[in-house]
Amino acid sequence: MPILNVQIIQGHTPAQKTELLKKLSQAVVDSIAAPLASVRVVIQEVPRENVIVAGELGHDMALITVGLISGRTEELKAALVLALANATEQAIGLSTQNVRTIIFDTPSTDMGVAGGRTAKAAGR
């Protein structure tokens with residue numbers, strides 16, 4: 001049940017954003033073997049004047065927050081972080097140096113899935 005919320009600076013083309021959505025989705029599938037049907041990705045665009053990185057106003061960046069059902073290994077999480085950074089670079093040309101990822105492990109009792117059930121009730 002990977003759910004990604006991706007914050008990027010405004011100004012990317014619709015084609016770039018579509019490519020980012022697709023590449024991030026595939027990165028999740030490839031890195032942690034999540035079924036594509038369970039992957040959700042949302043892009044939020046942030047005005048350049050609302051971002052500061054290392055003291056530089058308007059610096060290009062991406063922040064990817066990932067909600068996962070608890071239980072994946074440290075190695076799988078590291079593979080996911082790398083895959084997401086690479087996918088972002090490939091899709092919108094943002095250096096992996098400017099991509100940050102935060103993973104939130106959520107107990108299966110605290111994640112809702114299809115049908116309005118918890119992941120635990122759904123057998124996950």
With a 3.5 Å cut-off and sequence neighbours excluded, list the donor-acceptor pairs that the side chains of residues 87-94 form with protein atoms.
unit_1 : atom_1 : unit_2 : atom_2 : d
Thr88  : OG1    : Leu84  : O      : 2.9
Glu89  : OE2    : Thr96  : N      : 3.4

Closest heavy-atom pair, Ser25 versus Leu21, reported as atoms and distance to 0.1 Å, is OG-O, 2.9 Å
Rounded to the nearest 0.5 angstrom, the OG1-CD1 distance for Thr101 and Ile64 is 4.5 Å
Closest heavy-atom pair, Val51 versus His59, reported as atoms and distance to 0.1 Å, is CG1-O, 3.7 Å
side-chain contact (heavy atoms from CB on, under 4.5 Å) filter on Ala79, not counting sequence neighbours, yields Ser31
Separation between CZ (Arg100) and CG (Asn98), nearest 0.5 Å, reads 7.0 Å
Test side chain to side chain contact (heavy atoms under 4.5 Å, CB included) on Gln44 and Val6 and set out the steps. CA-CA 6 Å; Gln44 294 180 321; Val6 183; over 6 Å; no
Residues Gln16 and His12: closest non-hydrogen pair is OE1-CA, 3.3 Å
Considering only distance and modelled atom types, tabulate donor-acceptor pairs under 3.5 Å from the side chains of residues 107-124, sequence neighbours left out.
unit_1 : atom_1 : unit_2 : atom_2 : d
Thr118 : OG1    : Ala121 : N      : 3.0

Hits for side-chain contact (heavy atoms from CB on, under 4.5 Å) against Ile102, two or more places apart or cross-chain, chain-then-number order -> Leu63, Thr65, Phe104
Rounded to the nearest 0.5 Å, the CG atom of Leu68 sits from the CD1 atom of Ile3 at a distance of 9.0 Å
Here the salt bridge (Lys or Arg N to Asp or Glu O under 4.0 Å) pairs for residues 47-57, sequence neighbours left out, are Arg48-Asp60
One should read off an interatomic distance between Leu80 CG and Ile103 CD1, to the nearest 0.5 angstrom, of 5.0 Å
Correct closest heavy-atom pair for Ala37 and Arg40 would be O-NH1, 2.8 Å
Taken in chain and number order and not counting sequence neighbours, the residues that satisfy side-chain contact (heavy atoms from CB on, under 4.5 Å) with Ala78 are none
In terms of heavy-atom contacts, Ile69 and Arg72 come closest through O-NH1, 3.5 Å
Distance col, row Thr18:OG1 vs Ile43:CD1, nearest 0.5 angstrom, shows 7.5 Å
